[in-house]
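Here's the structure, in C-alpha cells; my notes come after.
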Amino acid sequence: MTDTSVPAAGTADRDLRTFIAGLPKAELHVHHVGSASPRIVSELAARHPDSKVPTDPEALADFFTFTDFAHFIDVYLSVVDLIRTPEDVRLLTYEVARELARQQVRYAELTITPFSSTRRGIDELGFMAAIEDARKAAEAEFGTVLRWCFDIPGEAGLESAEETARLATDDRIRPEGLVSFGLGGPEIGVPRPQFKPYFDRAIAAGLHSVPHAGETTGPETVWDALTELRAERIGHGTSSAQDPGLLAHLAEHRIPLEVCPTSNIATRAVRTLDEHPIKEFTRAGVLVTINSDDPPMFGTDLNNEYAVAARLLDLDERGLADLAKNAVTASFLDAAGKARIAAEIDTYTSAWLAS
Ligand SMILES: Nc1ncnc2c1ncn2[C@@H]1O[C@H](CCC(=O)c2cccc(C(=O)O)c2)[C@@H](O)[C@H]1O
Ligand SMILES: [Zn+2]
C-alpha cells in the first residue's frame, strides 16, 4: 500500500486532524467494493477460500500496492470476485456505512457497479434488496444517509452499459436510493461519447450524470463528459488543469470536481501529492470537493483526504469547513438536507473556534 498520509507535524497539524475527525462531512465519490476494509476483505476471502485475495492484513497491504492504473483495476476485480451472494453485498454495504459514520460522514453517494455483480450470477433483485436493506439499517442505526450512483464499467463494453442502464431505469428493479449514473474504469481506449445513449436514458429517468473523466486521460475526455454525457459533476477531472479554457468553463457553469488526491498517487495518475493540481482548480474558481475513492485500497480515509487538502491548499479550520460545505452544495441532497448539514458544519466550527 502506498503511504501517502500527511506526516505528523507539530501540535497545529494534530489539532487540525482532531478538528477534521469531528467535522460533519459529505462524501460524493467513494466506490462500494473499493471501500471494503481489510477486515471485510478478510471475512469475504475466508467465506470464499478459492479466491487469490490474501486474508492476512500485511499480505493484503502488499496486494494493495499498485504499479499502474491497469494493475489497480486487476486487483480491484479480484475483490469484486469475493462478492458472490446478496448476503455478501449486504455485509459490505452495511460495514461501509459504519466506517463512514465513524468519520462523521452524514451523507454519502456510494458508487456501485451492479453489472459486475449480476454478471457474476448474483440475482438482480436480491442485489437491490441487499443494498436497500443496508441503506435503511445504516440510516436508522448510524444516522448516515446513503444514496447510490450506478456506474458503467466502461472497459466491459456496451453490454455493460446496456445492463447498467436497464438496472438503473426499470421501475421494477431500480432501488429507491438511486440518484445518479456514472462511468468508471480505465479511460484509455474507452471513449466517453459511445456511452451517450445510455446516459440519455438515465437522465430521462431522472438520474444525475456523474462520469469519471480526466483521471487517466487528457482534458478532451472531460469535455466529452460535459458535452456528450451532460456531466453535472466530474469524477476526478485531474487533467482539466492542462486546459485553462476548461477550468474557466467548470467554474462558470459550477460543475464541481470530485477530487481524490491520495487515489491519484496510488494509481499513479499523478506522480506526487505536491504535483497534484488541486490548487490550480481552486485558483480558477472551480468548486472542489474532497473524496476518498477506494479508501482501504489506497491506505487512506476521508479524514486523511481532508488533511491532505488542508496541507495542499493551506487551509485552517474555516477553510476546511468551507471545503466540507462544497461537498454538501455539490451533492444531490434536497435543499432542506443540504441546509441541515451546512448548519451542523457551522455549529461545529463555531464551537471549535470558541473553545
Ligand atoms: N479510481 C477509479 N477510477 C475508475 N474506476 C474506478 C476507480 N476506483 C474504482 N473504480 C471502479 O472500477 C470499476 C472498473 C471495472 C472494470 O473496469 C471492469 C472491466 C471489465 C470487466 C469487469 C467486470 O466486472 O467483470 C469490470 C468501475 O466501474 C469503477 O466503479
Ligand atoms: Zn472513482
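Atoms within a ligand are numbered from 1 in the order they appear, just like the ligands themselves.
Between His212 and His236, the ring-plane angle classifies as tilted under the 30° and 60° cut-offs. In this structure, His29 and His31 have perpendicular ring planes: the angle between them is above 60°, well past the 30° mark.
Looking at Val33 against ligand 1, nothing comes within 4.0 Å, counting heavy atoms.
When hydrogens are left out, the protein atom nearest atom 15 (C) of ligand 1 is Pro153 CB, 3.7 Å; that is the closest non-hydrogen contact. Nearest protein heavy-atom neighbour of atom 21 (C) of ligand 1: Arg119 NH1, 3.5 Å. The protein heavy atom nearest to atom 12 (O) of ligand 1 is Tyr76 CE2, 3.5 Å. Looking only at heavy atoms of the protein, atom 20 (C) of ligand 1 is closest to Ala156 CB, 3.7 Å. Of the protein's heavy atoms, Pro186 CD, 3.6 Å lies nearest to atom 17 (O) of ligand 1. The protein atom (non-hydrogen) at minimum distance from atom 10 (N) of ligand 1 is His31 CE1, 3.4 Å. In terms of protein heavy-atom proximity, atom 5 (N) of ligand 1 is closest to Gly185 N, 2.8 Å. The single protein non-hydrogen atom nearest to atom 26 (C) of ligand 1 is Leu77 CD2, 3.5 Å, given as residue, atom name and distance.
With sequence neighbours left out, the side-chain contact (heavy atoms from CB on, under 4.5 Å) criterion links Asp200 to Lys196, Arg230. Annotation: salt bridge (Lys or Arg N to Asp or Glu O under 4.0 Å) contacts of Asp314 (sequence neighbours excluded): none.
Between Phe69 and ligand 1, a contact under 3.5 Å exists for no N or O pair. In terms of polar-atom proximity, defined here as any N/O pair under 3.5 Å, Glu215 does make such a contact with ligand 1.
Residue-ligand proximity, Ser116 to ligand 1, at heavy-atom distances under 4.0 Å covers atoms 23 (C), 24 (O). Distances below 4.0 Å separate heavy atoms of Arg120 from the following atoms of ligand 1: 23 (C), 24 (O), 25 (O). Near Phe72, with a cut-off below 4.0 Å to any heavy atom, the atoms of ligand 1 are 7 (C), 8 (N), 9 (C). Set against the non-hydrogen atoms of His236, the atoms of ligand 1 under 4.0 Å away are 1 (N).
Checked against the 6.0 Å centroid threshold, Phe72 and Phe298 count as a close aromatic pair. Tyr94 has its ring centre less than 6.0 Å from the ring centre of Phe142.
Counting only residues at least two apart or in different chains, salt bridge (charged side-chain N to carboxylate O under 4.0 Å, His left out) contacts with residues 324-337 comprise Lys325-Asp346.
Residues Gln242 and Ser239 have side chains that never bring a donor and an acceptor to within less than 3.5 angstrom of each other. Side-chain atoms of Arg106 and Gln104 form a donor-acceptor pair, as typed in the model, at a separation below 3.5 Å.
In this comparison of Asp293, Asp151, Thr164, Asp294, the heavy atom closest to atom 8 (N) of ligand 1 sits on Asp294.
Judged purely by atom type and a 3.5 angstrom limit, Thr349 has no side-chain atom pairing as donor or acceptor with the backbone of Arg318.
Note on ligand 1: Met297 sits outside its first shell, no heavy atom being nearer than 4.0 Å. Residue contact check for ligand 1: Thr113 places a non-hydrogen atom closer than 4.0 Å to it.
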**OP:** Please report the C-alpha distance between Arg135 and Glu132 in whole Å, then the side-chain angles of each, then the deciding distance to 0.1 Å, and finally whether the salt bridge (Lys or Arg N to Asp or Glu O under 4.0 Å) criterion is met.
**Re:** CA-CA 5 Å; Arg135 177 176 74 80; Glu132 284 292 294; 2.7 Å; yes
**OP:** Walk me through it: do Arg98 and Glu95 pass the test salt bridge (Lys or Arg N to Asp or Glu O under 4.0 Å)?
**Re:** CA-CA 5 Å; Arg98 186 205 299 281; Glu95 292 301 327; 2.9 Å; yes
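Here Glu280 does not pair with Arg283 in a salt bridge; the nearest charged N to carboxylate O distance is not below 4.0 Å.
Thr164 and Pro153 make their closest contact through OG1-CD, 4.2 Å (heavy atoms, listed as atom of the first residue, atom of the second, distance).
Cation-pi geometry between Arg233 and Phe332 is met: the NZ or CZ atom falls under 6.0 Å from the ring centre, inside 45° of the normal.
Of all protein N/O/S atoms, those under 2.8 Å from the Zn ion (ligand 2) are His29 NE2, His31 NE2, His212 NE2, Asp293 OD1, and waters are not counted.
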